[in-house]
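Quick one: structure below, then a few questions.
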Amino acid sequence: ELHRVLDEGAMIWNEDMFVPVDRNGTIEDAYWTYSYSPAFDDDGQRVGILIICTETTRGVVARMQLEAARREAVQAREEMRAAFMQASTAIAILVGETFVFTFANPAYEQLAGRKVVGRALMDVFTDAEVGYYRPILEKVLTTGETLEIKAAELKLANSNLRYIDVAYQPYRNPKGETVGVIAQINDVTASVVGRLEADRRREQAEADGR
């Protein structure tokens with residue numbers, strides 16, 4: 001490079017180059033931005049090289065740390081998504097005032113009995129199916145507070161009566177603003193039906209003993 005500057009008059013620019021340096025007897029990683037350009041005498045002849053050098057270690061390290069943090073965040077998101085997809089709990093994310101499904105795991109779509117991602121709540125379910133739940137979703141979206149329902153009836157078209165435990169949590173953007181709702185649903189039909197049947201038998205036994 002130096003010969004090109006002297007022989008050809010080339011100007012060379014190198015940005016954020018890795019060049020370790022000896023600082024107080026310790027070799028440290030360092031990055032530099034530097035340029036080579038010809039230096040001329042009074043007659044316009046190339047007689048040397050002008051070197052301008054600036055250390056950019058802090059900026060480069062900051063960018064590397066930011067990129068590493070970004071990769072870790074992406075990996076964490078992917079791992080969380082994988083965990084949600086494999087979860088037995090039905091999980092969905094509904095965004096905006098029309099509650100558009102931006103995510104739903106297989107357990108949710110199996111419980112719902114239909115595909116939902118990319119569609120608004122009322123385009124997926126009828127008023128009769130979600131009339132009880134929509135006001136709750138709206139309250140979570142408005143207040144940013146978590147709401148839970150235990151052993152609620154889930155009535156879907158072409159489906160038998162089922163019972164569910166539901167937790168509705170606020171879904172927030174990076175600014176902390178509530179922009180949607182995370183729905184987590186557990187099908188507890190078997191335990192509720194078992195409890196109701198046990199209660200029925202006990203009441204029957206008590207009636208027979210009178």
(message) I'd like to know if the side chain of Arg162 reaches the main chain of Asp187, judged simply by a donor and an acceptor atom lying under 3.5 Å from each other, with no hydrogens or angles considered.
(response)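 No: the side chain of Arg162 does not pair with the backbone of Asp187.
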
(message) Looking at every non-hydrogen atom in both residues, tell me the closest pair between Leu6 and Val47 and how far apart they are.
(response)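 Leu6 and Val47 have their closest heavy atoms at CD2-C, 4.4 Å.
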
(request) Compare all side-chain heavy atoms of Phe125 with those of Arg114 and state whether any distance is below 4.5 angstrom. (result)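 Side-chain contact under 4.5 Å: yes.
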
(message) Could you measure the distance from the CD1 atom of Ile136 to the CD atom of Glu148? Nearest 0.5 Å is fine.
(response)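 Here the rounded value is 12.0 Å.
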
(message) Using only atom types and a distance under 3.5 Å, with no angle test, would you say the side chain of Asp22 pairs donor to acceptor with the backbone of Ile27?
(response)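 Answer holds: no.
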
(request) Can you establish whether the number of heavy atoms outside Glu55 located under 6.0 Å from its atom CD is more than 12? (result)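 Yes, CD of Glu55 has more than 12 neighbouring heavy atoms, counting only those of other groups under 6.0 Å.
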
(message) Minimum heavy-atom separation for Thr189 and Tyr163, please, with both atom names.
(response)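 Looking at all heavy atoms of both residues, the shortest contact is OG1-N, 2.9 Å.
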
(request) Looking only at non-hydrogen atoms, find the nearest pair between Val140 and Thr178 and report the distance. (result)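 Heavy-atom minimum between the residues: O-CG2, 4.0 Å.
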
(request) Ignoring hydrogens and angles, state whether a donor on the side chain of Glu177 or Asn173 is under 3.5 Å from an acceptor on the partner side chain. (result)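 Short answer, yes.
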
(request) Kindly check if the number of other-residue, nucleotide or ligand heavy atoms within 6.0 Å of CZ (Arg58) is above 12? (result)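 12 or below, so no.
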
(message) One thing to verify: whether Arg201 and Glu197 come together as a salt bridge, which I'm taking to mean a side-chain N less than 4.0 angstrom from a carboxylate O.
(response)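 Judged by the 4.0 Å cut-off on N to carboxylate O distance, Glu197 and Arg201 do form a salt bridge.
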
(request) Please say whether more than 12 non-hydrogen atoms of neighbouring residues, nucleotides or ligands are located less than 6.0 Å from CG in Asn160. (result)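 No.
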
(request) Could you pull out the closest heavy-atom pair between Thr33 and Trp13, with the gap in Å? (result)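 Taking Thr33 first and Trp13 second, the nearest heavy atoms are CG2-CZ2, 3.3 Å.
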
(message) Can you classify the ring geometry of Tyr133 versus Tyr168 as parallel (below 30°), tilted (30 to 60°) or perpendicular (above 60°)?
(response)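 Answer is perpendicular, since the angle exceeds 60°.
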
(request) Inspect the surroundings of CD in Glu138 and state if more than 12 heavy atoms from other residues, nucleotides or ligands are less than 6.0 Å away. (result)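 Yes, because the 6.0 Å sphere around CD of Glu138 holds more than 12 heavy atoms from other groups.
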
(message) Tell me the closest heavy-atom pair linking Ala30 and Val21, and the distance in Å.
(response)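 Minimum heavy-atom contact is CB-CG2, 4.0 Å.
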
(message) Is it true that, when you exclude Tyr108 itself, more than 12 heavy atoms of the residues, nucleotides or ligands shown sit nearer than 6.0 Å to its OH?
(response)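 Yes, OH of Tyr108 has more than 12 neighbouring heavy atoms, counting only those of other groups under 6.0 Å.
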
(message) Are there over 12 heavy-atom neighbours, none belonging to Met122, within less than 6.0 Å of that residue's CE?
(response)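 It does: Met122 CE has more than 12 such atoms within range.
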
